[in-house]
Each structure stands twice: as structure tokens, then as C-alpha cells.
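Take this structure first; my questions come after.
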2 protein chains.
Amino acid sequence: MNTPTAISWQAIHAEIMRRISDREWKPGGTVPHEAELAQEFGCARATVNRAMRKAAEDGFLERRRKAGTRVALHPVRKARLEIPVIRLEVEGAGKDWRHELHERKLSTPPRRIANRLGIDPDGRMLHLRSLHFADSRPFLYEDRWINPATVPQALDTDFSLVSANEWLVLNAPFSHGDISLSAAPADKKEAGLLATHPGAALFVVKRITWKGAHPVTHVRLAYAPGYAMHSVI
Amino acid sequence: MNTPTAISWQAIHAEIMRRISDREWKPGGTVPHEAELAQEFGCARATVNRAMRKAAEDGFLERRRKAGTRVALHPVRKARLEIPVIRLEVEGAGKDWRHELHERKLSTPPRRIANRLGIDPDGRMLHLRSLHFADSRPFLYEDRWINPATVPQALDTDFSLVSANEWLVLNAPFSHGDISLSAAPADKKEAGLLATHPGAALFVVKRITWKGAHPVTHVRLAYAPGYAMHSVI
DNA sequence: TAGTGGTCTAGACCACTAT
DNA sequence: TAGTGGTCTAGACCACTAA
């Protein structure tokens, strides 16, 4: 029997993308269903499914049972942002990393943060502020609130030795979280720490993380001027 | 025959994540191979494969043929950033969108841009500048260079009617691209357009896109103060 | 209610790579 | 060279939803 090498799902995916790109399948239009394509390509339906699922995950197709598969009208491109541990991000750029712990105390968080985390606004959280360096130049300023109800061991940890960032990754992995990216002017204090001037444009990342239903931490990272986050589409 | 409902790959994925989270599988340690887990869960190997593949895509496992599967030491969390068409982003927030085309001319791009796109630095590109509004307040300022060699129809298009952003999505879909996110101070011109003051911290997105080996466009989007990009982990 | 995608199975072979 | 993940198949049943 002549059994030519089976067609790969990647090849089918590429062909699907070509048809979308070349308008053989028109935006908003229905495309053949899986069984039909499987016959056309001479492969199993599962193989077609894998290829179409990928295209749908990437936003190029919209799939619904019974209704079939359509080409997305306005493909929403998805970029993947990688959020590494700060130390590894710095070292990955070939620089030396170190950090200074500037503050560590139990206190009542700002209303806004307590609300966002959904915890008692009069409760206490562990408040940490630290400055991270890359090659002894200030890299970012970290302002963090840790929920001791979720991570009690944090109270007994010396965060001048391990950064809270890294300690949490190792000891209190979160299940999910929200991130926001923005720009903000440096205030006087931040300007001093980050070796810039008040009002300088800082790249700011805010992150709230949860372990199941339990809030873990709220952190604000203010990057020194010049920083840019990269990603590919 | 008693055939209890087959176990789902999602259930196996959840159990895998639980074992990682609860340290039953230690960071850096090897985990049982697929065949073994399939036997444990009483399912087909393909089902286990689907679950472990997902965990690996999300950065929690590292898989290599022959070497087996290990728990990642420093899970690099991946956030998914959605890049919608600007009009839809504004309208999705319940606001009215419109835009003004401020400039449209063929000219020689800055060296830096020509180099990044890998094209003749003396060639001409279509240069567009436009201002986008949300509810008649300035939303972002767009500075775009389009490569006419890749998208010749752009030369005959009236970008005061359709935004270049949307037109390109519909007429010149790209295959891949680079994105950078940063913060920058507003210059005098931008400050005027975005109704803010010179030096104000702007959130800036730069994007370069390609169709196969052919550069399509370089765009810089400067968002009015107050903008934040959101994502979930 | 019927059509389409979502998933599982049991088995097979392939591809990569540690040893 | 052998062990492990990557993928394909042919078939089956399930889940959702448009009509």
C-alpha cells in the first residue's frame, strides 16, 4: 500500500491561514465544516479540529456548535506577555541584579486596595517597598501589599534576603490575577529613587493575584525611564 | 458494562495544577510520564497529553522527549494582551469613536524605522498621522508608516474615511509582528493634540507588522493620560 | 430535533534526545 | 539505542444551539 506521510495539523493550519489571508474564505463567511475538510485533506477529523481550534484560539475563526465556523470580521490579535521574576528579567538582559528593602510593616492598606482585593478595609496587611537594581542602576520600584490571611509564612520571612517577588512565586503561587499597564509621572520620592526627575514618565505595572478565592497580593511596579516591555504577535 | 463517564482533560489538568501548587510535584522535579498517568487516571494517553500540553504552554511544566516532564522552577506567567481595532476598543467602552486625518504624504521614513523594517532607507513610504477620539475627547495619537511595496492599494485609499488601523486589518492582514509598550513624555505637539501638558506621561505602543517576509507597517500609538491596558493571567 | 463542534479511546508510528 | 513526548487515525458519543 502506498501510504504517503500523513498530513500534519500544522500544514492544515497554514492552509487555513492562507485561505483567510487570501480571502478565499471571506470575512464573516462560513467555512466548510470539519468533516468536509477532513475529506478534502484526506485526514482524520481530529487533525482538522486541532488546526481549526488553533486558528480560533488566535482569533481568526469563530466556532459554535451547530452554527458552524466563520471567519472573524475583526480578528482581535493576541499578544503574549511574559511575566518573569524580576531578578531573572534583569539577569536575562545580562545585568547584575540586587534589591534593597526600604520598608516592611503591618498596616492598613488604602481603601482602594482593600476593596479591590475584597478584604476587610480595617484589617492589616504586610506592606513592602523595595528598589530593584540592574548593574547598580535603579531598575524599578516595587510597592507591595501581601495578604497575611492567605500567606501567613510571609510574616516570618526576611524579604531583604529574598525579594518578595521571587519568594511569592516559589511559596505562594497564585491561580489567576489581573494586570494593568499604564504610564504615570514620577512623584518626588520615586524620582529620587529611580534617578530621574519629578514628573518623568514611568511605565507602571499593577498586578493583583489570587489563589482560588483568596487574594494574595497587590503590587505596583514603577520602572525607571527607558524601560519597554516587548512581545510578539 | 458499567462505563462511568470518561474523565475529561480539564479535570486532569486541574489535578496536575493542584499537584504542582500543593508541591506534591516539586519544582524542578520529574513527574510521571504520560503512559503512567494515563493508567493512574484510567484514560487514554491522548487525554493526559492534552492536559500536560496545556500546563506546559502555560509555563508550569517543561517537556522534552526522552528527558520527560519536569515542573518549572520559575514559572513564567503569560498574560494575554488583546489588540483590538481602535474603533472597537473605544466603542466597546461605550463611547463614540471618530478620527481625524492630520497628515498623509509619501516621504522618506526616519533611518531607524527603515532599518527596523529592513527596507531601502531612501525609498518612500506612506506617512499618516491621525488623532482618535472617544466621546469627542482625544484618545490617542497615531503616527504610522505604511510600506507601499507590500500594500499598494493603500496609495489609493482615503484614510480620512476609514482609519488606517481598521483598513489594514481588513485589507492587509499581517502574519506576525513585534510590539513594544513603554512610557514617554508628551512633546509640545502631542500635548496640544491630546489635551494635556508637555512632559505628561503617555502610554506608548509601537508595533511593526509583517506579511511573511514583507514589512507592512510601523505604527506608534500615544495614548492620552489616564489610559491603562488590562489583561488577566 | 438535527447539525456541528468538543472530546475520548485504543492503537500506531514518528521525532527527538539523553545515555 | 532506547525512552519519552508528538501526532495521526478511525470511530464513537456527547454538548450545545439554531431552526
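Model, not experiment: these values are computed from the prediction. To find a chain, count down the sequence lines: A is the first, B the second, and so on, and within it residues start at 1.
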*OP1 or OP2 of C:dT9 less than 4.0 angstrom from a side-chain nitrogen or oxygen of B:Thr47, does that happen here?*
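So the side chain of B:Thr47 is within the cut-off, an N or O lying under 4.0 Å from OP1 or OP2 of C:dT9.
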
*Starting from P on C:dT4, measure out to CG on A:Leu61 and report it in whole angstrom.*
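So the CG-P distance, A:Leu61 to C:dT4, works out to 16 Å.
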
*Nearest of D:dT4, D:dA15, C:dT9 to any side-chain atom of A:Arg65?*
D:dA15

*Base paired to C:dT17 (Watson-Crick or G-U; both N/O distances under 3.5 angstrom)*: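 Its partner is D:dA2 (Watson-Crick or G-U wobble, both distances under 3.5 Å).
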
*Spacing between A:Glu62 atom CD and C:dG6 atom P, to the nearest angstrom*: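 In whole Å, C:dG6 P lies 13 Å from A:Glu62 CD.
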
*In whole angstroms, how far is the P atom of C:dT19 from the CZ atom of B:Arg64?*
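B:Arg64 atom CZ is separated from C:dT19 atom P by 9 Å.
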
*asked:* From C-beta outward on A:Glu34, which listed nucleotide comes closest to its side chain: C:dG5, C:dT7, D:dT9?
replied: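 Minimum distance to the A:Glu34 side chain belongs to C:dG5.
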
_Whole-Å gap separating C1' (C:dT4) and CZ (A:Arg70)_ = 13 Å

*Give the nucleotide from the list C:dC8, C:dC16, C:dA12 with an atom nearest to the side chain of B:Gln10.*
C:dC8

_For atom NE2 of B:His13 and atom P of C:dT7, their distance in whole Å_ = 13 Å

*Are a donor atom and an acceptor atom from the side chains of A:Asp158 and A:Ser160 found within less than 3.5 Å of each other?*
yes

*CE of B:Met52 versus P of D:dT4: gap in Å, rounded?*
12 Å

*In the strands shown, is C:dA10 matched to any nucleotide by a Watson-Crick or G-U wobble pair with both distances under 3.5 Å, and which?*
D:dT9

_For atom CD of B:Glu36 and atom P of D:dG3, their distance in whole Å_ =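 Nearest whole value for this atom pair: 14 Å.
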
_Nearest-neighbour nucleotide for the B:Trp9 side chain, D:dT9, C:dC8, D:dA12 considered_ = C:dC8

*Among D:dG6, C:dA18, C:dC8, the one nearest B:Arg63 by side-chain distance*: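 Nearest nucleotide to the side chain: D:dG6.
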
*Checking only heavy atoms, does the side chain of B:Arg45 share a donor-acceptor pair with the base of D:dT4 at less than 3.5 Å?*
no

*asked:* If you assign A:Ala46 and A:Ala67 each to the DNA chain C nucleotide with the nearest heavy atom, which residue ends up on the more 5' nucleotide?
replied: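 The 5'-side residue here is A:Ala67.
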
*Give a yes/no answer on whether the side chain of A:Asn49 brings an N or O atom under 4.0 Å of OP1 or OP2 in C:dG5.*
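So the side-chain polar atoms of A:Asn49 never come under 4.0 Å of the phosphate oxygens OP1 or OP2 of C:dG5.
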
*Closest approach of B:Glu34 to B:Arg63 (non-hydrogen atoms, all atoms of both residues)*: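 Heavy atoms of B:Glu34 and B:Arg63 come nearest at OE2-NH2, 2.9 Å.
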
*Does A:Glu24 pair with A:Arg18 as a salt bridge, N-O distance under 4.0 Å?*
yes

*Which listed nucleotide (C:dT7, C:dT17, D:dC16) is nearest to the side chain of B:Lys66?*
C:dT17

*Of all the choices, C:dG5, C:dA18, C:dT7, which nucleotide is nearest to the side chain of A:Thr69 once you look at every atom?*
C:dG5

*For A:Asn147 and A:Pro215, indicate whether the former's side chain and the latter's backbone hold a donor-acceptor pair under 3.5 Å.*
yes

*Can you list the steps and then say if B:Glu91 with B:Lys95 is a salt bridge (charged side-chain N to carboxylate O under 4.0 Å, His left out)?*
CA-CA 5 Å; B:Glu91 293 179 349; B:Lys95 302 184 175 179; over 6 Å; no

_Would you call the rings of A:Trp97 and A:His132 parallel, tilted or perpendicular, taking 30° and 60° as the class edges?_
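Rings of A:Trp97 and A:His132: tilted, as their planes differ by 30° to 60°.
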
*When you check the phosphate oxygens OP1 and OP2 of C:dG6, does a side-chain N or O of A:Arg53 lie under 4.0 Å from one of them?*
no

*asked:* If I take atom CD in residue A:Gln39 and atom P in nucleotide C:dT4, what distance separates them, rounded to the nearest angstrom?
replied: 14 Å

